[in-house]
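Structure first, then comments.
Note that these values count all heavy atoms, side chains included, but never hydrogens, waters or copies made by symmetry. A, B, ... follow the sequence lines: proteins, then strands. Residue 1 opens every chain. Since the model is a prediction, treat every value here as computed from it, not as a measurement.
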Amino acid sequence: MEITINIDDPMPLFSQLVGQIKQAILDDKIQPGDALPSIRQLANDLQLNSKTVAKAYKLLERDSLIQAKGYRGTFIHPDARKNSTIDMSEWLNTTLNSVIAEFRSADITDSEIRIAFSNAMNKKIN
Amino acid sequence: MLVNILFYIIFISQIFLISYYYPKKIINRVNWVINKYPPNQYSKLYPESITKTQKGQRNYWLINQAIILVGVFLLYSYWSSAQENPAFYQEAESWPIFFGMVQCIPFILLELSGFKHFKLMRKADTRKSRTADLTPRRLFDFISPVLIVLAFTTYIFACLFSLYIDEFTFAKDSLVIISALTLSNAVSIAVTVFNLSGTRLDPHQSTIDRNKQISFTIKSVTHVSIYVSLFIIAHLVIRHFDIPFIEIMINSIYFQLVIFLGIGAMLNQVKVEELNFDVYKSDNSVTDSTVD
């Protein structure tokens with residue numbers, strides 16, 4: 001199973017990786033339990049920075065599409081096929097748009113929303 | 001004296017094998033590729049002018065011929081010295097090793113030239129899409145665990161044997177031998193790791209060919225590691241039991257074995273006819289500018 005990325009595509013490289021692995025799961029080209037290459041191997045093969053591949057793997061793990069098992073490597077999650085139908089980005093955008101619409105309907109200004117959002121993000125980091 | 005006659009035969013074999021037979025095979029292989037996959041149709045394989053490639057071949061052959069002359073000279077020197085001193089082999093025991101190191105120079109230059117060639121290919125590769133196989137490359141996918149265990153065991157045994165010969169006094173000789181063995185195995189491990197997870201040197205190489213190359217390289221360095229350890233053990237036995245007439249022959253046989261397992265095995269097992277050269281075909285839209 002090969003994946004291909006396009007460095008000229010406006011879509012970020014890590015998104016391309018995530019999308020292709022997800023599609024491979026949906027198309028049954030890779031099965032639950034199958035091993036994935038290490039971050040270093042994939043980064044070298046695609047001539048990418050290892051942080052780009054690491055980010056893609058982190059997102060896939062967050063979405064329960066892959067499992068990192070330490071020194072044993074990274075594997076496709078047992079429920080990957082079911083989980084690949086859930087789009088976290090879409091949920092994020094839908095929820096955020098809905099909350100912002102609610103704030104605006106309460107006459108809260110965009111500036112107030114931005115400041116509150118920024119404070120909330122900074123609080124989480126701290 | 002029989003020992004000297006045996007040495008002449010073995011040393012002539014060393015000169016012939018390492019500086020004539022295998023270099024000739026390599027040159028024939030390169031010529032076969034150039035004739036079957038010419039630059040005007042397979043421009044991606046030739047990032048530089050074909051004239052440079054042919055010049056490199058000539059230089060490679062000339063260096064080997066010069067080394068053959070040095071070998072013949074050494075053989076003559078040995079013969080004339082042995083006329084006066086039939087036990088001259090005791091003084092010339094390191095000749096095959098030093099000459100073997102000189103014989104390895106063209107192979108090292110060839111390897112460096114290969115790295116430069118791949119670098120130019122990567123530089124000339126302007127494709128925007130990049131492909132990778134989603135199958136992980138693991139050590140035991142390419143080599144039997146038995147060979148790895150054998151390499152490790154012979155290394156440990158060689159180190160312990162070296163210490164045993166010196167009665168575990170950690171004498172300088174033992175430490176030098178252990179350091180050399182450890183360094184040699186460290187290089188083998190580095191080569192293995194690079195092949196498994198390092199950058200693809202040839203940007204156009206297909207996954208199948210790459211896996212074949214990785215498999216061959218890892219097996220080759222493992223075999224060489226085993227034979228280096230065995231050579232050290234044989235060398236220590238000869239020294240310990242004071243059998244100098246064998247040492248000079250073993251030194252020559254060792255080099256021939258290393259080249260046989262390395263270059264020889266590569267030429268026999270990695271059949272150039274089975275490699276996929278379609279990946280180097282010129283794009284229809286690209287005008288080839290590498291042909292003179």
Toward chain B: residues of residues 34-55 of chain A with heavy atoms under 4.5 Å = A:Ala35, A:Leu36, A:Pro37, A:Arg40, A:Gln41, A:Leu42, A:Asn44, A:Asp45, A:Leu46, A:Gln47, A:Leu48

task = Can you measure from OG1 (B:Thr131) to CD1 (A:Ile3) and round to the nearest 0.5 angstrom?
result = 9.0 Å

request  = Would you please go through residues 7-14 of chain A and name the residues with a non-hydrogen atom below 4.5 Å from one of chain B, in numerical order?
outcome  = A:Ile7, A:Asp8

query = Counting only heavy atoms not in B:Phe107, do more than 12 sit closer than 6.0 Å to its CZ atom?
reply = yes

key: Contacting moiety of B:Arg122, where chain A heavy atoms sit under 4.5 Å   = neither

request  = Would you please go through residues 93-116 of chain A and name the residues with a non-hydrogen atom below 4.5 Å from one of chain B, in numerical order?
outcome  = none

request  = Check the surroundings of atom CD in B:Gln54: do more than 12 heavy atoms from other residues, nucleotides or ligands lie under 6.0 Å from it?
outcome  = yes

Within 6.0 angstrom of B:Phe152 CZ, more than 12 heavy atoms from elsewhere = no

task = Given side-chain contact (heavy atoms from CB on, under 4.5 Å), test B:Thr207 with A:Glu2 step by step and report yes or no.
result = CA-CA 9 Å; B:Thr207 303; A:Glu2 286 192 339; 2.8 Å; yes

query = How long is the gap from OG1 on A:Thr4 to CZ on B:Arg127, to the nearest 0.5 Å?
reply = 10.0 Å

query = Using non-hydrogen atoms and a limit below 4.5 Å, what part of residues 57-75 of chain A faces chain B?
reply = A:Arg72, A:Phe75

inquiry  = Around atom CZ of B:Phe194, are there more than 12 heavy atoms from other residues, nucleotides or ligands closer than 6.0 Å?
reply    = yes

